[in-house]
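Just below is one structure, and these are the notes that go with it.
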Amino acid sequence: MLIVAESGSTKIDWRIIKNDKSHQHFTTEGFNPNYHPKELFTGFVARLNEHIQITSAKRVFFYGSGCSSLQAEDIIKSALREVIPNAIIEVNHDLFGAARALFGTGSGIASILGTGSSSCIFENGKIVDAVPSLGYLLADEGSGFHLGKLLLNAFFKNDLTEELSEKFLLNYPISLADFLSKLYKHPKPNTLVAEFVPFMVENRNHPVIDHLVRQAFEEFFRNILLKYSHRRNYELGFVGSIAWIFRQQLSEVAQQHQLTIRKIIQNPVNELVKYHLSF
């Protein structure tokens with residue numbers, strides 16, 4: 001049995017591939033070893049074991065947000081070994097998973113645009129350069145968090161049209177004081193802010209929303225992708241729900257910067273399964 005998992009701030013996608021090549025899919029809550037206790041992740045794995053006997057897994061490939069340090073890697077490995085003690089476990093950060101899903105053993109500039117954002121230059125199956133991902137407190141340009149933040153700013157500062165403001169309140173009957181109180185007490189504030197993105201999806205063709213989306217992507221290109229001096233030597237690849245849903249705006253912003261998008265993938269875990277089954 002083979003297990004491939006891809007973890008972001010919002011959810012973990014698990015794929016269990018049995019010896020007969022049949023697949024089972026599971027989704028659990030997202031996990032980041034830098035922010036959340038190990039016991040939370042151990043609980044996710046234990047609950048999976050209630051549905052399918054994963055203790056017989058021979059290999060586990062885990063790609064997760066926040067898994068770029070040895071300490072974070074050890075947290076994931078330790079939790080997995082408590083439930084799957086005999087498996088060979090490989091842990092990589094989500095950006096490496098995104099790059100591998102997009103380019104395999106090839107080359108390109110890989111980016112994640114989901115709840116958070118990040119990017120790297122991928123050369124022949126390896127990351128060779130990356131603009132630092134500074135997290136939602138300092139960066140995350142172009143992400144769901146960034147989009148939600150722009151929308152909330154526009155709503156609370158009366159920059160939406162009257163029509164959009166009324167629609168927003170119908171969907172989210174919130175006041176500024178109550179929302180700020182909830183935000184500062186929330187265990188995952190970036191996820192909470194990103195939860196407003198569905199309103200932008202529903203109204204994506206409205207000029208105000210379209211402008212906010214393009215503003216977020218423009219900041220991602222200016223602050224991240226344009227930092228790569230040899231960017232024109234590579235094609236771009238994107239993974240994540242934000243890149244997929246707003247792919248038209250993303251493609252047009254890329255064209256404005258004379259860059260070519262080769263591939264946009266909503267969910268990298270399916271491509272990662274194909275990659276691991278090819279060996």
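Residues Phe246 and Ile264 are members of one and the same hydrophobic cluster, defined by side-chain heavy-atom contacts under 4.5 angstrom among Ile, Leu, Val, Met, Phe, Trp and Tyr. Note on Ile242 and Phe238: same hydrophobic cluster, where clusters join Ile, Leu, Val, Met, Phe, Trp and Tyr whose side-chain heavy atoms are under 4.5 Å apart, directly or indirectly. Under the 4.5 Å side-chain contact rule for hydrophobic residues, Phe26 and Leu2 do not share a cluster. At a threshold of 4.5 Å between side-chain heavy atoms, the hydrophobic network of Ile, Leu, Val, Met, Phe, Trp and Tyr places Val91 and Ile88 in two separate groups. Using a 4.5 Å cut-off between side-chain heavy atoms of Ile, Leu, Val, Met, Phe, Trp and Tyr, with links allowed through other members, Ile261 and Phe122 fall into different hydrophobic clusters.
Taking the side chain as every heavy atom from C-beta outward, Lys18 and Gln24 approach each other to under 4.5 Å. Counting heavy atoms from C-beta on, the side chains of Phe155 and Leu164 never come closer than 4.5 Å. Side-chain contact between Tyr136 and Val193 is absent, with no heavy atoms from C-beta onward closer than 4.5 Å. Residues Glu123 and Ser107 are in side-chain contact: their nearest non-hydrogen atoms beyond the backbone lie under 4.5 Å apart. Residues Phe41 and Ser7 are not in side-chain contact: their nearest non-hydrogen atoms beyond the backbone lie 4.5 Å or more apart. The shortest distance between side-chain heavy atoms of Pro189 and Tyr184 does not fall below 4.5 Å. The shortest distance between side-chain heavy atoms of Arg15 and His25 falls below 4.5 Å. Put simply, the side chain of Leu113 reaches to within 4.5 Å of the side chain of Leu250, judged on heavy atoms.
Checked by atom type and distance alone, the side chain of Tyr234 never pairs as donor or acceptor with a backbone atom of Ala110 at under 3.5 Å. Arg247 places a side-chain N or O within 3.5 Å of a backbone atom of Trp244 that can act as its donor or acceptor partner. A donor-acceptor contact shorter than 3.5 Å is absent between the side chain of His257 and the backbone of Leu259. With Arg204 contributing its side chain and Val213 its backbone, the two residues share no donor-acceptor pair below 3.5 Å. With hydrogens and angles disregarded, no donor-acceptor distance shorter than 3.5 Å links the side chain of Asn124 to the backbone of Gly106. Not a single donor-acceptor pair under 3.5 Å links the side chain of Ser65 to the backbone N or O of Asp94. The backbone N or O of Ile75 lies less than 3.5 Å from no partner atom in the side chain of Ser78, so there is not a single donor-acceptor pair. Side-chain N or O atoms of Asn203 include one that pairs as donor or acceptor with a backbone N or O of Phe199 at under 3.5 Å.
Relative orientation of the Phe168 and Phe196 rings is parallel, given thresholds of 30° and 60° on the angle between their planes. Ring geometry for His276 against Phe61 counts as parallel: the plane angle stays under 30°, on a 0 to 90° scale with 60° as the upper cut. Between Tyr63 and Phe96, the ring planes are parallel. Angles under 30° get that label, and only those over 60° would be called perpendicular.
A distance of 11.0 Å separates CG in Leu236 from CZ in Arg262, rounded to the nearest 0.5 Å. In this structure, the separation between CD on Gln266 and CD1 on Ile245 is 6.5 Å, given to the nearest 0.5 Å. Here the straight-line distance linking atom CD1 of Ile3 with atom NZ of Lys58 works out to 12.0 Å at 0.5 Å rounding. Separating the CG atom in Asp74 from the CZ atom in Arg81 is a distance of 8.0 Å, to the nearest 0.5 Å. The CD1 atom of Ile76 lies 13.5 Å from the NE2 atom of His93; values are rounded to the nearest 0.5 Å. For the atom pair CG (Leu170) and OG (Ser165), the distance works out to 11.0 Å, reported to the nearest 0.5 Å.
Considering all non-hydrogen atoms of both residues, Arg59 and Ala87 come closest at N-CB, 4.4 Å. For the pair Ala5 and Trp14, the tightest heavy-atom approach, listed with the atom from each and the gap, is CB-CE3, 3.6 Å. Shown here for Ile54 and Ile84, the closest heavy-atom pair between the two residues is O-CG2, 3.5 Å. Across all their heavy atoms, Ala194 and Pro198 have their closest contact at O-CD, 4.0 Å. Nearest approach of Met200 to Ile209, heavy atoms of both residues: O-CG2, 3.6 Å. When all heavy atoms of Ser117 and Phe220 are compared, the pair lying nearest together is CB-CE1, 4.1 Å.
Other residues, nucleotides and ligands contribute at most 12 non-hydrogen atoms within 6.0 Å of the NE2 atom of His230. Heavy atoms from other residues, nucleotides or ligands lying under 6.0 Å from CG of Leu70 number 12 at most.
With ring centers used as reference points, Phe31 lies 6.0 Å or more from Phe62. A centroid separation of 6.0 Å or more is found between the aromatic rings of Phe217 and Phe221.
For the residue pair Asp13 / Asn267, a side-chain donor-acceptor distance below 3.5 Å is found, with atom types taken as modelled.
Taking a cutoff of 4.0 Å between a charged side-chain nitrogen and a carboxylate oxygen, Lys274 and Glu271 qualify as a salt bridge. Checked for salt-bridge contact, Glu195 and Lys182 miss the test: no charged N lies under 4.0 Å from a carboxylate O.
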*Verdict with supporting geometry, Leu212 and Leu147, side-chain contact (heavy atoms from CB on, under 4.5 Å)*: CA-CA 7 Å; Leu212 293 177; Leu147 288 174; 5.6 Å; no
*Decide side-chain contact (heavy atoms from CB on, under 4.5 Å) for Glu29 and Lys188; before the verdict, give the C-alpha distance in whole Å, the side-chain angles of both, and the deciding distance to 0.1 Å.*
CA-CA 12 Å; Glu29 187 181 340; Lys188 296 182 180 180; 3.1 Å; yes
*Could you check His211 against Asp159 for side-chain contact (heavy atoms from CB on, under 4.5 Å), going step by step and ending with a plain yes or no?*
CA-CA 12 Å; His211 172 74; Asp159 290 330; over 6 Å; no
_Test log, rule salt bridge (charged side-chain N to carboxylate O under 4.0 Å, His left out), inputs Arg214 and Glu252_ = CA-CA 9 Å; Arg214 292 174 190 274; Glu252 289 173 3; 2.6 Å; yes
*Would Val131 and Leu225 count as a side-chain contact (heavy atoms from CB on, under 4.5 Å) if you check the C-alpha gap in whole Å, the side-chain angles of each, and the deciding distance to 0.1 Å?*
CA-CA 8 Å; Val131 173; Leu225 298 186; over 6 Å; no
